Amino acid sequence: MKAVVVYEKGKYEIRDVPMPKLNDGDVLIRINYAALCYRDLLQLAGYYPRMKYPVILGHEAVGVVVESRDPRFKSGNRVVPLLHEPDGVCEFCLRGLDSYCINALSYGENIDGFFAEYARVSGNALVKVPDEVPDELAVLVPCVIAWYTRDSGGLV
């Protein structure tokens, strides 16, 4: 598959990369839209010290589940990933405060992001998108207007 890979500070290229491999709890999504924002540009410029190279850039996306190893998500679900991947086991995650996860990994920074045809995402980092929300708006949710509740199981 094609992906935008940052291979060192300030340098990127479109590369053919292998399809992501799934572990238990992971979901494979086909990317419908990925958005570019200032954070991607700052990461590319080297302002994020945890940046891992090489890494697929991008932290805002909307896509469709292709394969799921998480029972909460089924093939065909339209989803938006969070900005980071919470571990699901730290004290904050166990209290439903995923945004404070002390072991979170950030997409496009220290784990592969979404400037690709497909992406591996932890089910702990996915939110279902309501049918009435178009992809063009859903793609903006992770960075700009996201609010997720475990009770609702989706965007509110």
Side-chain angles (χ1 to χ4, degrees), residues 1-7 10 12-22 25-48 50-52 54-70 72-88 93 96-101 104-156:
M1 72 170 183
K2 300 279 188 201
V4 176
V5 178
V6 180
Y7 57 92
Y12 68 93
E13 63 187 13
I14 298 173
R15 291 185 180 173
D16 283 312
V17 298
M19 286 289 284
K21 298 208 182 328
L22 301 183
D26 287 345
V27 175
L28 181 68
I29 63 173
R30 185 187 77 245
I31 303 296
N32 289 350
Y33 285 93
L36 175 71
C37 90
Y38 73 93
R39 180 178 168 187
D40 299 303
L41 300 176
L42 291 173
Q43 286 173 314
L44 184 58
Y47 286 97
Y48 282 69
R50 296 186 327 152
M51 193 80 170
K52 150 195 113 93
V55 68
I56 297 172
L57 195 61
H59 64 277
E60 297 174 308
V62 60
V64 175
V65 173
V66 174
E67 181 183 345
S68 179
R69 293 197 183 166
D70 183 314
R72 297 172 289 183
F73 300 95
K74 308 228 177 309
S75 184
N77 288 153
R78 206 161 48 105
V79 293
V80 169
L82 302 175
L83 294 177
H84 67 276
E85 190 168 294
D87 66 12
C93 287
L97 301 170
D98 301 353
S99 60
Y100 296 105
C101 177
L105 299 173
S106 296
Y107 292 109
E109 181 181 350
N110 41 36
I111 55 174
D112 284 334
F114 309 120
F115 290 174
E117 295 176 87
Y118 294 87
R120 181 215 58 85
V121 184
S122 167
N124 290 335
L126 279 180
V127 179
K128 292 178 184 172
V129 178
D131 291 338
E132 64 272 11
V133 177
D135 283 351
E136 297 86 352
L137 294 178
V139 72
L140 301 174
V141 167
C143 206
V144 180
I145 58 173
W147 182 44
Y148 173 78
T149 66
R150 287 179 184 246
D151 294 337
S152 71
L155 299 177
V156 267

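This structure is a prediction, so every number in the text was calculated from the model and none was measured.
A donor-acceptor pair under 3.5 Å is absent between the side-chain atoms of Arg72 and the main chain of Leu126, judged by distance alone. Within the 3.5 Å criterion, the main-chain N or O of Lys2 finds a donor-acceptor partner in the side chain of Glu117. In terms of modelled atom types and a separation under 3.5 Å, the side chain of Arg78 and the main chain of Pro130 share a donor-acceptor contact. Judged by distance alone, with hydrogens and angles left aside, the side-chain atoms of Asn110 form no donor-acceptor pair with the main-chain N or O of Leu105 at under 3.5 Å.
Around atom CG of Leu42, more than 12 heavy atoms belonging to other residues, nucleotides or ligands sit under 6.0 Å away. With a 6.0 Å radius and a threshold of 12 heavy atoms from other residues, nucleotides or ligands, Tyr100 has its OH atom at or below the threshold. Residue-environment remark: OH (Tyr48) exceeds the threshold of 12 foreign heavy atoms within 6.0 Å.
For Ser68 against Phe73, the heavy-atom pair with the smallest separation is OG-O, 2.8 Å. Of all non-hydrogen atoms in Pro20 and Tyr118, the two that sit nearest each other are CG-O, 4.2 Å. When all heavy atoms are compared, the tightest approach of Ala138 to Val129 is CB-CG1, 3.9 Å. Counting all heavy atoms, side chain and backbone alike, Gly88 lies closest to Cys93 at N-SG, 3.4 Å. When all heavy atoms are compared, the tightest approach of Tyr107 to Ser122 is OH-N, 3.5 Å. Here the closest non-hydrogen pair linking Pro18 and Met1 is O-CE, 3.8 Å.
Between Val64 and Asn32 there is a side-chain heavy-atom pair separated by less than 4.5 Å. In this structure, the side chains of Glu60 and Arg39 stay at 4.5 Å or more apart for every pair of heavy atoms. Using a 4.5 Å cut-off on side-chain heavy atoms (C-beta onward), Leu36 and Leu41 make contact. Contact annotation: the side chain of Ile56 approaches that of Val17 to within less than 4.5 Å [non-hydrogen atoms, C-beta and beyond]. Looking at heavy atoms from C-beta onward, Val6 lies out of side-chain contact with Gln43 at the 4.5 angstrom threshold. Two residues are said to be in side-chain contact when any heavy atoms from C-beta on lie closer than 4.5 Å; Ile29 and Pro81 meet this criterion. Two residues are said to be in side-chain contact when any heavy atoms from C-beta on lie closer than 4.5 Å; Tyr12 and Leu57 fail this criterion. The side-chain heavy atoms of Asp40 and Phe115, taken from C-beta on, include a pair separated by under 4.5 Å.
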Exercise. Show your working on side-chain contact (heavy atoms from CB on, under 4.5 Å) between Arg120 and Glu85 and close with a plain yes or no.
Key: CA-CA 11 Å; Arg120 181 215 58 85; Glu85 190 168 294; 2.9 Å; yes
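Within the model, atoms NZ of Lys21 and CG of Asp26 stand 12.5 Å from one another, a figure rounded to the nearest 0.5 Å. Here the OG atom belonging to Ser106 is positioned 5.0 Å from the CZ atom belonging to Arg50, to the nearest 0.5 angstrom. Here Asp98 contributes atom CG and Leu83 contributes atom CG; the two are 12.5 Å apart, rounded to the nearest 0.5 Å. Between atom OH of residue Tyr33 and atom CG of residue Leu137 there is a gap of 10.5 Å, rounded to the nearest 0.5 Å.
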